[in-house]
Amino acid sequence: MNLETFKYDNRIVRAFAIATIIWGIVGMSAGLLAAVQLFWPEANLNLQFVSFGRLRPLHTNAVIFAFVGNGMFMGIYYSLQRLCKARMFNDKLSWINFWGWNAIIVAAAVTLPLGLTTSKEYAELEWPIDIAIAIVWVVFTVNLMGTILRRREKHMYVAIWFFIATALTVAMLHIVNSLAVPASAFKSYPIYAGVQDALVQWWYGHNAVAFFLTTPYLGLMYYFLPKAAGRPVFSYRLSIIHFWALIFIYIWAGPHHLLFTALPDWAQSLGMVFSIMLIAPSWGGMLNGLLTLRGAWDKVREEPMLKFMVVALTAYGMATLEGPLLSIKSVNSLSHYTDWTVAHVHTGALGWNGFLTFSMLYWLFPRLYNTPLWSKKLANWHFWISLTGMMFYVIPMYWSGITQGLMWKQFTPEGFLKYANFLETVIQLIPMFVLRAVGGLLYILGTFLMAYNLWKTAKSGVFVPEVEAQAAPRNSGHDLHAEQDPWKHRWLEAKPITLTVLSLVAVAIGGLVEIVPMYLIKENVPTLSSVKPYTPLEVLGRDIYIREGCVGCHSQMIRPFRSETERYGEYSKAGEFVYDHPFLWGSKRTGPDLHRVGAKYPDAWHYNHMDDPRLTSPGSIMPRYSWLLEQKMDKKSLPARIAALRKVGVPYPAGYENSEALKDLEKQAETIVTNLKVGSVEAQPDKEIIAMIAYLQRLGTDIKAQAVAAPVNTSN
Amino acid sequence: MIKNVLTHVGGVENFGIISILLFFGVFAGALIYAACLKKPFLNQMSQLPLEDGTKKTEASHE
């Protein structure tokens with residue numbers, strides 16, 4: 001038997017590991033600052049760059065793509081080489097993957113605070129960065145597949161299947177959801193509008209959770225858990241069923257983010273049924289992991305890494321039980337738009353992704369530096385502090401979510417809303433917001449302890465840049481089982497291409513069944529004749545609304561419940577959003593729904609409210625937007641915006657942007673300035689606030705045609 | 001709710017049923033596949049993470 005000698009690359013693993021720790025701390029800190037602003041709005045120092053609406057996407061992107069993203073690459077680059085008994089396909093690609101990915105993160109950290117955002121959740125980055133993401137992802141995929149094709153080990157362990165599914169599906173989701181027409185270097189409009197945009201976005205958004213936060217980490221669990229426990233996975237059979245059932249079902253579940261919205265009923269029901277079915281494979285996976293430790297619980301007591309792993313699996317189990325529960329319409333009607341969702345997400349993020357990442361880091365550093373962990377005691381402290389932090393985060397958020405959900409729905413015996421003033425329901429939650437921030441702080445403290453511990457570990461050892469290994473070449477024909485039973489050659493485990501194609505089919509079916517009808521919907525959304533495109537001034541206002549991330553606190557989607565129509569007005573219809581590129585339905589109501597806010601208040605009220613919400617609404621936690629009163633609106637970009645919007649299907653007349661648009665804008669701005677005078681507010685017509693007011697006053701007014709002065713008509 | 005949407009799109013009512021059937025097809029396929037795997041092969045597969053061709057320098061830190 002001739003053995004080949006080769007070397008595993010540890011340098012790339014170390015690079016990703018360090019990036020994971022740094023971005024973890026950055027991303028969590030951004031989250032903490034956002035959390036603090038929710039009970040202490042002044043914590044943004046009245047700086048637009050770190051106001052809540054811009055900070056929230058920074059936090060989510062940092063923890064998802066920077067922390068978990070680097071953690072995922074770290075784990076994959078380590079385990080893939082060893083499972084394939086081969087070095088990575090190409091070292092250059094590895095480093096392009098590393099530097100490219102981290103450059104993208106830096107670009108995100110710069111553009112998001114600047115307000116350059118698409119506003120679509122977890123897909124906020126603008127088009128040039130989207131293209132960079134696609135390129136780096138292709139580099140990663142080539143490196144992954146190349147390594148697999150050059151492997152020495154004949155069979156691909158199930159972890160590799162999960163990696164393949166991740167690479168393919170993320171590429172598909174990212175590309176489809178990011179299709180947009182640019183209006184400038186950092187502004188674009190999605191080609192989808194309203195209901196379709198919502199459906200595509202949540203098909204993406206949900207599967208970002210599934211295929212970025214779950215499948216790669218499951219693969220890593222299937223590698224690192226047996227490795228650390230020193231015993232094989234409980235049931236390899238179960239892991240195969242886990243894989244197929246999970247990737248097939250997950251892709252369908254997106255519409256559970258849109259229950260009771262203007263999305264067609266059948267799509268909602270489909271999303272609900274598939275979400276509930278998800279319990280089975282998820283729990284199969286969790287039990288498979290936990291049972292791997294049966295008879296090895298003494299090890300768990302001694303090895304901090306395994307403790308983290310056990311909590312990660314338990315959190316995975318809890319989150320995947322809760323997710324389906326939240327997809328049941330009756331539960332969702334209470335939970336949706338509240339902090340319950342936030343609690344759910346953080347069970348997954350802090351528990352599953354966070355703890356699994358910590359677990360891998362504690363396992364890897366001693367091996368990368370060929371020395372024992374510097375302090376087990378400190379690792380145990382980390383464990384308990386972060387676990388406590390997680391409880392302090394999650395429990396108050398459940399409390400807050402359920403409290404708010406119930407308060408929104410409460411009626412007096414006379415049939416009036418008990419808490420007609422939305423703000424009452426917010427003020428009730430503030431103690432919970434404080435506790436949540438304490439939880440977040442504890443969790444971050446734990447992370448710092450880990451960073452220190454790992455740094456000390458590195459200092460006390462010597463880095464091992466490469467590890468020598470030996471294996472027979474794949475085609476040496478020494479595989480005993482194959483000789484005993486040649487039939488085995490046909491197993492998928494030895495067929496990466498077949499496996500890849502099958503996985504692609506599995507995830508594409510769900511995508512197609514949801515997206516094809518989406519095009520049908522396009523033809524079938526009843527066009528309400530009174531719904532007109534936004535005026536030029538409103539377009540600018542809407543784009544400011546997007547820039548400021550108002551969607552992070554405000555929904556624009558009134559569900560058909562009495563408690564909502566009573567509070568906000570007529571429920572939202574699919575046909576009202578046909579010109580909304582992107583849709584701005586939102587997913588959380590820290591503030592009230594705004595879909596029918598148009599014509600609710602005088603212009604001057606908005607002016608004062610935006611300047612300082614606490615002037616009009618004492619106790620409000622909405623940030624001040626005083627910079628809108630000073631900054632000039634970007635009129636120069638108007639033609640490009642109108643032209644791009646026409647390209648995505650908004651029927652502005654040809655040439656409108658070159659002649660009438662600016663005049664219409666100025667005319668409407670003057671009207672608002674006059675209205676403001678009535679409310680004894682002096683304002684110049686070229687300030688951003690004017691555009692914002694125009695947009696807010698337009699919201700949801702089209703269908704109550706008589707209630708408003710006819711909007712400036714652009715389509716004739 | 002919005003009954004006027006999509007109820008008249010041909011075949012859309014069947015999407016749900018077709019989807020569920022597809023799922024059961026895939027699920028049954030996976031079950032059969034997994035059931036057909038033989039014990040020695042399963043053992044070999046599940047051992048893969050534990051042997052990586054290194055000289056046991058890596059895995060020995062406690």
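Of the residues considered (B:N43, B:L42, B:L31), B:L42 shows the highest number of contacts with chain A, using heavy-atom pairs under 4.5 Å. With chain B as the partner, the residue from A:W252, A:W244, A:F248 showing the most heavy-atom pairs under 4.5 Å is A:F248.
Interatomic distance, OH of A:Y157 versus CD of B:Q47, reported as 9.5 Å (0.5 Å rounding).
Residue A:L502 does not touch chain B at all, counting heavy-atom pairs closer than 4.5 Å. Proximity to chain B involves both the backbone and the side chain of A:Q470, based on heavy atoms less than 4.5 angstrom apart. At a 4.5 Å heavy-atom cutoff, the contact between A:Y223 and chain B is made by backbone and side-chain atoms alike.
Among residues two or more places apart in sequence or in another chain, the salt bridge (charged side-chain N to carboxylate O under 4.0 Å, His left out) test is passed with A:E302 by none. Residues satisfying the side chain to side chain contact (heavy atoms under 4.5 Å, CB included) criterion with A:M277, sequence neighbours excluded, are A:I249, A:V273, A:F274, B:I20, B:F23.
Between A:E493 and B:L37, the shortest heavy-atom contact is OE2-CD1, 4.3 Å. Of all non-hydrogen atoms in B:L50 and A:P226, the two that sit nearest each other are CD2-O, 3.4 Å. Contact detail for A:V233 and B:S46: the closest heavy-atom pair is CG1-CB, 4.1 Å. Scanning all heavy atoms of the two residues, the minimum distance from A:M156 to B:M45 falls at O-CE, 3.3 Å. Across A:H155 and B:L48, no two heavy atoms sit closer than the pair O-CD1, 3.6 Å.
No side-chain heavy atom of A:I509 sits less than 4.5 Å from a side-chain heavy atom of B:V26. With contacts defined as side-chain heavy-atom distances shorter than 4.5 Å, the pair B:Y33/A:I241 does not qualify.
The number of heavy-atom neighbours closer than 6.0 Å to NZ of A:K329, taken from other residues, nucleotides and ligands shown, is above 12.
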